[in-house]
Amino acid sequence: MDFSKLQQRGSVEWRLPATGRMRVPGVILASRDLVAAMDDKVLEQIANVAGLPGIVAAAYAMPDAHWGYGFPIGGVAAFDAADGGVVSAGGVGFDISCGVRTLHTGLKRADLEGAKLRLADLLYARIPAGLGSVGGLRLSAGGMEAMLMGGARWAVGEGYGAIADLTHIEDSGCAAGADPGAVSDQAKRRQRDEMGTLGSGNHYLELQVVAELFDQAAAHDYGLAVDDVVVSIHCGSRGLGHQIGTDYLREMVLAAPAAGILLPDRELACAPLASALGRRYLGAMRAAINCALANRQILTQLTRDAFAEVFPGSALTLLYDVSHNTCKEETHRVDGLSRRLFVHRKGATRAFGPGHPELPAGYRRAGQPVLIGGSMGTASYILAGRAGEGERAFGSACHGAGWAMSRHEATRRWQGRAVIDELAGRGILIRSPSSRGVAEEAPLAYKDVGAVVDAANLAGLAVKVARLAPLVCVKG
DNA sequence: ATGTGC
């Protein structure tokens with residue numbers, strides 16, 4: 001990273017002043033070490049985002065930021081529709097509404113002694129994982145429409161999970177304003193057989209143990225104690241979201257000149273929020289959010305069924321479910337004024353603070369659970385949102401460890417088998433259909449997740465609550 | 001991320 005362009009403001013804030021076509025400054029919220037490890041391309045992408053029409057306050061990068069498609073991954077940017085603001089398909093990302101949900105199992109570490117291996121094999125047998133994997137469900141045209149409108153609420157109605165789950169999901173499990181008519185037939189076709197599947201890449205289902213608590217009061221409110229076993233599911237909207245991203249990116253590139261939008265990078269393709277194209281994309285993207293929420297809801301039921309085979313009578317309850325690839329219409333205070341903004345979070349987690357009316361009653365005191373997936377074999381974290389007065393980055397935080405290198409570089413350095421054996425030696429069981437996928441996801445291919453959450457904590461984005469250590473990981 | 005690729 002070229003520090004010469006950055007102005008340091010405190011230990012974890014770096015400002016890229018607005019120059020040239022930038023309308024607002026860029027702000028990186030990370031430690032010096034994390035910034036030093038970031039590619040210069042991140043700076044270039046932040047500057048490009050800062051030049052988009054209608055952007056408000058600043059283009060932000062979270063501590064885990066790295067360069068992505070158009071926008072950096074770990075990027076946050078908000079736009080005002082009344083000020084010519086835009087929505088960008090690249091600013092949401094291809095895996096629309098990719099996110100994490102964490103479930104309490106009601107079990108302690110000691111309960112797993114002797115059952116871990118069986119549970120690993122059972123979860124791997126029950127959870128469809130890998131590229132092109134299909135689920136046990138085939139959606140009819142009507143079923144597809146209902147799923148895209150209803151999200152996790154639809155899934156509960158179909159028998160996956162309980163109504164009580166819904167209060168612990170962002171948007172109560174259903175994004176409003178979804179428009180299945182704005183989703184291409186091809187996107188729907190790709191999704192027809194893929195409900196209740198994990199996918200590939202960095203997606204996983206992980207059995208974890210609470211290894212350390214940092215904030216007793218918040219941990220209490222979240223129902224977490226040391227040695228508790230939890231399950232975390234990381235996945236998104238599969239082929240449907242990917243196809244929507246592909247479809248609209250192409251359309252936005254073609255429509256940009258007529259909309260008077262000059263693109264410094266075609267990957268930044270966007271459309272005015274006030275345009276028909278912008279509205280159609282929002283409708284399709286919200287349908288993809290519902291697809292991801294329904295998908296994680298189905299996977300939750302498959303997980304419960306697997307647990308019931310090993311631990312009859314076990315009850316898995318939902319701690320929280322939050323996405324990290326979205327564009328959401330939200331109210332934020334900017335310079336003392338309350339404004340409706342369209343907040344793009346790409347590889348960034350919503351992190352609403354204490355008292356926010358959208359949080360379930362039990363979490364109003366602590367703030368929203370912020371679920372941070374680490375890399376395979378390292379730690380994951382649960383943080384509590386701190387957004388409020390003086391908030392930065394529109395109530396957002398980091399989403400994971402963030403890549404330290406390309407997938408190609410990772411496969412050059414490691415072999416899947418060796419990674420699995422090394423982790424097995426440390427008592428961490430990996431189950432995956434893809435040896436190459438495991439190599440790409442080797443722990444050292446990622447940044448140090450502990451350093452990332454420490455930076456998020458220092459920057460005031462979210463407060464550390466718990467560290468989770470992996471026990472079993474089903475990888476896509 | 002992805003029926004892994006213009």
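Excluded from the calculations below are hydrogen atoms, water molecules and symmetry mates; all remaining heavy atoms, backbone and side chain alike, are included. Reminder, nothing fancy here: chain letters follow the sequence lines and each chain counts from 1. Remember, it's a predicted structure, so these values are computed and weren't measured experimentally.
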Interatomic distance where CG belongs to A/Asn295 and P belongs to B/dT2 [whole Å]: 10 Å
Sugar-phosphate only, base, or nothing, as touched by A/Gly199 at under 4.0 Å among non-hydrogen atoms: sugar-phosphate
Separation of atom CG in A/Leu198 from atom P in B/dT2, rounded to whole Å: 9 Å
Integer-rounded Å distance: B/dT2 C1' and A/Arg436 CZ: 12 Å
Residues A/Tyr320, A/His168; criterion ring pair (Phe, Tyr, Trp, His ring centres under 6.0 Å); working and verdict: CA-CA 5 Å; A/Tyr320 204 61; A/His168 288 68; 7.1 Å; no
Donor on one side chain, acceptor on other, A/Arg350 and A/Ser396, under 3.5 Å: no
Whole-Å distance separating the CD atom of A/Glu441 from the P atom of B/dT2: 11 Å
Spacing between A/Asp247 atom CG and B/dT2 atom C1', to the nearest angstrom: 13 Å
A/Val156: partners by side-chain contact (heavy atoms from CB on, under 4.5 Å), with sequence neighbours left out: A/Ile163, A/Leu166, A/Gln297
Whole-Å gap separating P (B/dC6) and CZ (A/Arg266): 11 Å
Touch class at under 4.0 angstrom, heavy-atom based, for A/Ser200 against every strand present: base
Atom-pair distance (CZ on A/Phe94; P on B/dT2), nearest Å: 12 Å
Distance in angstrom units between A/Arg250 CZ and B/dT2 P, rounded: 18 Å
Touch class at under 4.0 angstrom, heavy-atom based, for A/Glu440 against every strand present: nothing
A/Phe79 ring center near A/Phe342 ring center (under 6.0 Å): no
